[in-house]
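Working notes for the structure below.
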Protein chains: 4
Amino acid sequence: MRPSSSPSDALFAALTARGPVAEQVDGRAWLRAMLDVEAALARATAAAGLIPDSAARTLAQACADEAAYDLTELGHEAGLGGNPVIPLVRAIERRAGADGAHVHHGATSQDVLDTALVLVARRALAALLDDLHATVAVAARLAAEHRDTVVAGRTLLQHAAPTTFGLKAAGWGAGLHGAADRAAAIRLPVQLGGAAGTLSAYSGRGREVVRLLAAELQLEVPTLPWHALRLPIADLAGGLGTTAGIVGKVALDVILLAQTEVGEVMEGGHGRGGSSAMPHKRNPVAAIQARAAARRAPGLVATLFACMDHEHERAAGAWHAEWLPLVDLLSSTGTAVAWLRESLESLVVDPLRMRRNLDAVGADLVAEPLAEELRPALGRERAHELLAAATARARAERRSLGDVLLDDEEVARVLPRDRLDVLLATGHRTGEAGELVDAALAALTSPGGIG
Amino acid sequence: MRPSSSPSDALFAALTARGPVAEQVDGRAWLRAMLDVEAALARATAAAGLIPDSAARTLAQACADEAAYDLTELGHEAGLGGNPVIPLVRAIERRAGADGAHVHHGATSQDVLDTALVLVARRALAALLDDLHATVAVAARLAAEHRDTVVAGRTLLQHAAPTTFGLKAAGWGAGLHGAADRAAAIRLPVQLGGAAGTLSAYSGRGREVVRLLAAELQLEVPTLPWHALRLPIADLAGGLGTTAGIVGKVALDVILLAQTEVGEVMEGGHGRGGSSAMPHKRNPVAAIQARAAARRAPGLVATLFACMDHEHERAAGAWHAEWLPLVDLLSSTGTAVAWLRESLESLVVDPLRMRRNLDAVGADLVAEPLAEELRPALGRERAHELLAAATARARAERRSLGDVLLDDEEVARVLPRDRLDVLLATGHRTGEAGELVDAALAALTSPGGIG
Amino acid sequence: MRPSSSPSDALFAALTARGPVAEQVDGRAWLRAMLDVEAALARATAAAGLIPDSAARTLAQACADEAAYDLTELGHEAGLGGNPVIPLVRAIERRAGADGAHVHHGATSQDVLDTALVLVARRALAALLDDLHATVAVAARLAAEHRDTVVAGRTLLQHAAPTTFGLKAAGWGAGLHGAADRAAAIRLPVQLGGAAGTLSAYSGRGREVVRLLAAELQLEVPTLPWHALRLPIADLAGGLGTTAGIVGKVALDVILLAQTEVGEVMEGGHGRGGSSAMPHKRNPVAAIQARAAARRAPGLVATLFACMDHEHERAAGAWHAEWLPLVDLLSSTGTAVAWLRESLESLVVDPLRMRRNLDAVGADLVAEPLAEELRPALGRERAHELLAAATARARAERRSLGDVLLDDEEVARVLPRDRLDVLLATGHRTGEAGELVDAALAALTSPGGIG
Amino acid sequence: MRPSSSPSDALFAALTARGPVAEQVDGRAWLRAMLDVEAALARATAAAGLIPDSAARTLAQACADEAAYDLTELGHEAGLGGNPVIPLVRAIERRAGADGAHVHHGATSQDVLDTALVLVARRALAALLDDLHATVAVAARLAAEHRDTVVAGRTLLQHAAPTTFGLKAAGWGAGLHGAADRAAAIRLPVQLGGAAGTLSAYSGRGREVVRLLAAELQLEVPTLPWHALRLPIADLAGGLGTTAGIVGKVALDVILLAQTEVGEVMEGGHGRGGSSAMPHKRNPVAAIQARAAARRAPGLVATLFACMDHEHERAAGAWHAEWLPLVDLLSSTGTAVAWLRESLESLVVDPLRMRRNLDAVGADLVAEPLAEELRPALGRERAHELLAAATARARAERRSLGDVLLDDEEVARVLPRDRLDVLLATGHRTGEAGELVDAALAALTSPGGIG
């Protein structure tokens with residue numbers, strides 16, 4: 001059986017496995033992590049006096065040379081025992097000569113694969129967080145630069161009251177920052193339990209070995225072995241799903257702002273965004289790919305949560321089912337962040353167009369402050385009715401709302417003319433958008449996100 | 001259009017909406033929460049000097065009498081504007097007379113519905129955590145009582161090295177405790193932003209109103225309004241998915257231990273577990289329902305993560321899509337915990353059967369320590385081969401593994417007879433199971449779970 | 001334990017449980033279906049000579065009066081045995097007096113609940129299909145009316161080559177029609193197997209009873225009992241997921257076309273679409289709710305597929321886990337269709353705005369035919385480069401693309417001036433859009449959809 | 001950016017990308033399919049008189065030599081335009097010299113990628129169906145061989161009435177056969193629409209080109225282009241999800257039957273199923289991997305359904321999000337089938353153990369026929385009570401149920417002693433299991449499945 005090269009290998013990888021996370025979850029990265037675990041286990045068992053120090057040194061050396069192990073061969077043999085640890089242990093043993101018998105002391109395959117998975121996750125998360133923080137920084141720069149750039153607020157994809165592009169970008173930054181906080185808080189414990197999770201092969205020094213192993217690998221010490229209690233997997237699923245979800249939101253905002261009819265932002269990357277049929281097009285390719293990658297996450301998250309039902313001391317399938325979805329989730333989320341970073345870094349913002357889009361809708365936007373002003377005198381319902389009717393009339397007669405209201409007798413009765421003038425002249429009321437941007441920028445330099 | 005009574009109303013509710021969470025997420029609970037938000041908003045805007053104190057008092061009073069509001073009527077009108085806040089605000093206004101115009105000051109529907117959702121979630125989580133902690137306590141009791149009750153360790157649903165039922169139960173407790181920790185850590189912020197999230201209607205005192213509102217409702221103060229940044233929803237999805245996942249694992253263990261051929265535990269509830277066709281059956285009904293409820297969670301979690309892509313300042317569908325899945329996720333998880341608690345509280349453990357099941361497999365279980373003993377002399381591969389062959393021969397000849405090994409010349413060469421006798425006589429080696437139980441029991445009284 | 005009233009009961013039902021499907025899946029509908037199954041089973045077993053004809057008549061009568069059964073009480077008792085069939089059978093027995101002993105002859109609870117589920121699904125699907133076909137008819141009307149209404153084609157949310165609104169609407173109709181075809185093709189078999197699926201209580205006439213029961217209920221006869229082989233559930237999941245998916249696509253198109261900056265369609269429903277804060281807004285409420293409902297489907301579909309792993313002859317949880325997701329999926333999909341129908345029925349199309357949006361982008365759209373024309377002479381790459389540069393220059397200099405090209409020497413060399421004039425004057429080339437509309441309209445009157 | 005080698009490449013592929021499907025969905029397979037589409041398009045456009053016949057021949061030749069294209073380079077360039085078609089078209093053009101300008105005539109990237117996806121799916125489905133039919137054949141053989149082998153029926157994982165292993169295997173076969181039918185019925189249409197789906201570049205002969213292209217590739221002709229109407233994707237998702245679901249059920253049954261305490265089946269594969277720590281273990285590795293692969297499907301299915309919301313004429317992300325999940329779903333389902341086939345082909349069935357497991361539970365199993373016999377005289381409720389009490393007493397006193405009942409006065413009153421003797425002596429009543437097996441075996445040779 002030849003190992004399949006999945007399509008991500010070549011044709012699609014630049015799109016679907018982008019950024020620094022991809023290489024932290026590939027076959028080499030897993031091999032590296034498994035070797036690191038076996039080396040650390042050798043040192044830990046030696047430190048606990050269970051195997052000779054010299055054996056630990058030999059084994060650590062045998063594990064150091066990743067290139068000496070043949071991924072394809074290991075993979076082939078994995079097909080026989082059900083996981084790649086069995087052949088790897090044999091291979092280390094062969095390389096370690098007389099000391100080989102001390103490899104994998106007291107451990108079971110799942111101990112090594114689970115701890116390797118945690119190492120892979122930690123390295124992938126580190127790469128992801130670098131990219132994520134860089135993306136937060138771009139969002140923060142946009143927020144600062146456009147603190148007072150007025151833009152239409154859009155609710156249900158309709159113009160609502162105005163806001164600022166700075167507040168929009170600050171929200172992006174705060175959301176991404178909050179996601180980074182959550183991803184950074186994921187607890188990554190070592191897994192070691194032996195055949196049935198009782199540490200039975202360590203002559204009573206098993207808990208000590210666990211602590212030593214955790215110290216070697218700089219991982220957490222769990223209260224109990226978690227081979228069948230998958231909280232660490234759930235934590236990864238939740239943290240990555242959250243990150244992908246926020247990336248998807250930001251990417252969608254970019255895509256919507258870049259629409260031909262809106263045109264308020266554009267991706268400025270060189271040589272990208274063309275079309276095979278339409279040379280005039282300028283597609284927000286990076287945001288689109290970010291969104292595509294983000295949309296692959298929730299299904300993978302569901303698979304990981306659904307596979308938490310590990311039977312007894314080792315699952316008959318649920319464990320094996322975790323590997324690919326977890327790798328894909330790390331990779332998809334990493335890809336989403338990488339593309340979003342490219343998108344935001346290249347983003348060309350058009351404040352003039354923002355203003356023009358607002359003006360095209362015009363005085364309609366004074367409707368909200370007007371409603372508040374009219375409410376005490378007319379009651380909520382009548383105030384709404386009056387303004388809805390005036391808005392409809394303004395549309396029908398192609399006049400501004402202000403014009404129509406200046407003619408309205410009911411309005412005249414309850415609102416002094418000079419007050420109405422002030423309201424109509426107010427321009428774009430963006431409330432505390434500026435202060436909110438300031439607060440967000442301050443928060444982005446400390447942990448916590450948007451709450 | 002008459003409101004549909006969903007099947008959970010009556011026929012299925014005792015199965016699928018069980019325990020104390022269900023009534024924290026029903027229509028009345030939502031109404032209560034929305035009224036609480038409007039009352040708190042009135043007080044907060046009054047405290048900020050934006051509306052008269054007397055108006056706040058009248059409004060709070062108008063919000064206090066939940067029974068005065070007609071759920072069916074509100075629901076019907078919700079069909080027109082797209083959410084139930086619009087008609088509720090009108091209803092409060094009518095009840096508050098002249099002060100009615102001050103209701104909902106500066107807020108938009110989503111502010112009220114999101115904050116109400118957070119209140120609903122907090123109350124539901126409180127009920128869930130009570131049940132969860134009670135379930136942890138039962139698991140802890142089982143762990144303590146059976147600290148040294150030997151039971152087969154089972155990996156891939158095959159007998160592996162032995163463990164103790166105490167360690168099994170400690171694992172259940174630790175897993176549930178870890179889930180409770182995560183659920184308890186979910187941050188629940190207030191949402192207030194006004195029409196487009198800029199707090200534009202508060203004359204510059206919006207951030208103060210947000211703080212006051214949060215204080216009134218004992219919720220967190222977010223850095224920014226999160227109307228379109230759904231980290232709080234993601235946190236709930238992740239935390240609840242984790243809880244359901246662990247419950248599903250424990251329930252499955254119970255179901256598997258209760259199998260006719262295993263028979264190591266039985267649910268002891270009275271009047272339950274019968275069959276319409278088979279009077280002799282004793283089904284672990286509570287664990288089965290717990291598992292069923294838990295299996296509904298991952299799909300709902302995926303929906304919530306997939307709906308994080310809220311457009312601009314309010315989503316055109318993704319927001320509205322959250323309500324039912326979140327309610328169902330709270331309800332399903334609550335139901336799963338409630339059933340699991342019933343299952344564990346009624347659990348009858350049969351240590352004798354555990355021992356008999358172990359003995360039926362017999363000396364096979366010494367294979368693991370034997371392998372370790374033979375490895376230095378024979379090498380890993382040969383030691384495995386030898387034992388696998390001896391095991392097969394023992395099966396074929398219906399002899400014990402010990403018998404076969406005592407006859408083996410290769411074993412005789414490398415292992416002194418007296419050492420072999422010791423190994424074969426060792427009985428069930430459960431390693432540090434007891435100490436792990438002790439450690440887990442200590443940890444269950446403090447936050448942290450299994451790592 | 002009081003049955004919970006889920007939030008859909010009142011506050012949210014008009015939004016989330018809309019249209020004719022909701023009442024086909026509520027508690028009453030399930031009770032009706034279970035009674036229908038028991039009555040049909042009585043008639044079938046009588047026809048097979050297994051129970052007296054008179055008993056069948058009495059039982060059928062006892063099952064006819066749905067109002068005589070107390071949903072709440074049945075629901076409460078369902079909590080004891082694990083499903084509502086057990087107490088229902090007892091209740092029928094009590095009502096049938098001496099003939100009561102013949103009720104439920106040879107059946108197990110799952111037989112009745114599964115067959116009832118199929119009946120519920122059939123009735124819900126019938127209601128759904130009515131609504132779906134009506135929605136197809138509206139789409140077809142829009143396609144016919146706007147067969148030649150030119151509108152911007154939009155790829156990646158950027159203007160591409162033009163198309164017609166008729167073709168857009170024809171696509172909506174074809175998609176919905178294809179979904180209806182798939183939903184209508186779902187096979188709905190009766191389930192009857194007895195305690196372990198062997199029909200053991202029917203004295204060798206079990207397969208005859210199955211056929212008679214299927215005939216009574218107008219359901220299909222399965223090859224084998226499917227109590228643990230959930231193809232019918234998978235078929236429902238797939239068919240409903242497909243329908244919701246297409247509805248979501250159409251609803252999203254409507255929402256995007258209704259954006260303030262696009263404004264090409266508007267929902268015209270009366271009294272709907274207002275905002276609690278912004279009286280001037282006109283939200284496409286129905287399309288938004290359709291989309292929200294559609295987005296709840298994929299997670300439910302995943303739950304149903306994930307729960308196909310029924311153990312042996314009856315699942316320990318996976319069966320019980322199906323009920324709510326299936327009901328919710330029927331209800332969500334029905335709600336999505338109902339809202340989409342309302343949206344399309346009220347849709348106000350603005351051909352003038354469509355034309356204006358096209359013109360705003362202007363001669364850019366001739367880029368595609370120009371590229372084709374230039375390609376043979378310049379090669380694909382150079383043709384693209386040239387047009388991309390010309391487009392950029394036109395934007396920068398605020399000139400039309402035509403202007404820029406008329407000045408271009410390279411173009412002049414390979415494209416005769418009169419040919420260029422023709423191309424620039426062509427206006428909006430919509431290819432075979434009209435003929436495709438005609439073909440689709442023809443196909444919409446026959447089964448098959450878009451392939 | 002170097003293309004990542006995903007972990008499936010080597011370490012895990014023998015486990016997670018097994019069987020003949022994997023190589024039908026890898027990078028080479030996609031390249032082959034895209035080249036096939038471009039070649040067929042050249043022939044179709046030539047046949048329609050739109051490009052010279054000689055150009056079509058040159059282009060077909062340029063597309064024939066798959067090895068001439070560099071996957072890694074194409075993949076790298078795909079990162080710029082957003083999909084791999086753009087650089088592939090350029091590469092073909094370069095190879096075709098003067099005729100190169102006629103490549104990709106009138107098509108857009110999505111036309112080629114969607115049609116290639118359909119080709120990839122068809123080839124993968126063909127491989128999958130071969131494996132699936134072979135698996136059905138094994139199940140049929142097991143059903144025939146064990147038509148009358150009695151085994152415990154198990155409901156809720158408790159012994160229920162007996163059934164036969166033949167009927168169990170027939171159910172497996174029927175379920176797999178039904179899934180194969182559904183997979184085989186998936187309609188696979190060609191996609192061709194040009195820039196905006198109007199076939200605008202074909203001078204009115206576009207629909208003819210579509211028909212010719214479909215004929216070239218032996219795909220269906222759709223009513224309309226489906227670039228944004230994803231019914232074909234939904235059909236694949238549903239059909240594959242169904243297949244994976246049934247495979248998961250069968251694999252789980254095998255795993256449960258192979259449990260140490262049950263021991264009714266064993267996988268007999270050579271050199272497989274060992275443990276790194278426990279040489280005596282014999283794990284059902286193939287069934288476990290089948291189940292693991294099957295559990296990855298539902299989340300992928302959900303992603304595909306959730307991504308049906310393609311905006312307007314081409315989706316801004318939802319399209320790109322389909323590629324990997326679809327490939328993974330094909331691969332996972334193929335892997336699940338391949339492993340299940342290996343499991344069933346190697347299955348060692350132990351009828352003696354089946355009988356022994358039944359006997360261990362003993363006369364309890366006559367409870368069902370006894371209940372039916374007692375019901376007319378005692379009423380359902382009393383009959384159940386009596387038997388439940390007798391069962392409990394038998395357990396407590398370690399007597400058989402028969403013994404207890406022979407002493408019971410109430411039974412004596414309503415059931416003649418000789419009738420009771422007959423019932424107790426009946427042995428294992430398996431109803432119409434044999435006839436159902438016969439019917440299923442007949443059906444397995446024709447399309448239809450279990451209904």
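Here is how names work: the chains are called A, B, and so on, in the same order as the sequence lines, proteins then strands, and each is numbered from 1.
Of the atoms belonging to His320(A), it is side-chain heavy atoms, and not backbone ones, that fall under 4.5 Å from chain B. Using a 4.5 Å cut-off between heavy atoms, Ala433(A) touches chain B through backbone and side chain atoms alike. Interface residue Ala228(A): backbone and side-chain heavy atoms are both found under 4.5 Å from chain B. When heavy atoms are compared at a cutoff of 4.5 Å, His102(B) does not approach chain A at all. Contact annotation for Leu252(B): only side-chain heavy atoms (C-beta onward) come within less than 4.5 Å of a heavy atom of chain A. Both the backbone and the side chain of Ala440(B) come within less than 4.5 Å of a heavy atom of chain A. Of the atoms belonging to Val247(B), not a single heavy atom falls under 4.5 Å from chain A.
Between Arg230(B) and Thr242(A) there is no side-chain heavy-atom pair separated by less than 4.5 Å. A heavy-atom distance below 4.5 Å is found between the side chains of Leu224(B) and Leu167(A). Arg314(B) places none of its side-chain heavy atoms less than 4.5 Å from the side chain of Leu157(A). A heavy-atom distance below 4.5 Å is not found between the side chains of Thr155(A) and His312(B).
Side-chain atoms of Glu313(B) do not come within 3.5 Å of backbone N or O of Ala160(A) as any donor-acceptor pair. A donor-acceptor pair under 3.5 Å links the side-chain atoms of Glu432(B) to the main chain of Arg205(A), judged by distance alone. Looking only at distances, no side-chain donor or acceptor of Asp309(A) sits under 3.5 Å from a matching main-chain atom of Gly248(B).
Electrostatic pairing of Arg380(B) and Glu93(A) counts as a salt bridge here, judged by a charged N lying under 4.0 Å from a carboxylate O. A salt bridge is absent between Glu311(B) and Arg154(A): the closest approach of a Lys/Arg side-chain nitrogen to an acidic carboxylate oxygen does not fall below 4.0 angstrom.
No other option in Arg295(B), Glu435(B), His227(B) has as many heavy-atom pairs under 4.5 Å with chain A as Glu435(B). Contact count against chain B (heavy-atom pairs under 4.5 Å) is highest for Gly241(A) among Gly238(A), Gly241(A), Ala294(A), Ala98(A).
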Residues 301-308 of chain A side chain polar contacts: donor-acceptor under 3.5 Å, at least two apart:
residue	atom	partner	partner atom	Å
Thr303(A)	OG1	Gly299(A)	O	3.0

Side-chain donor-acceptor distances from residues 196-204 of chain A under 3.5 Å, at least two apart:
residue	atom	partner	partner atom	Å
Thr198(A)	OG1	Ser200(A)	N	3.4
Tyr202(A)	OH	His105(A)	O	2.6
Tyr202(A)	OH	Gly106(A)	O	3.3

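Minimum interatomic distance between His310(B) and Lys249(A) (heavy atoms only, all atoms of both residues): O-NZ, 2.8 Å.
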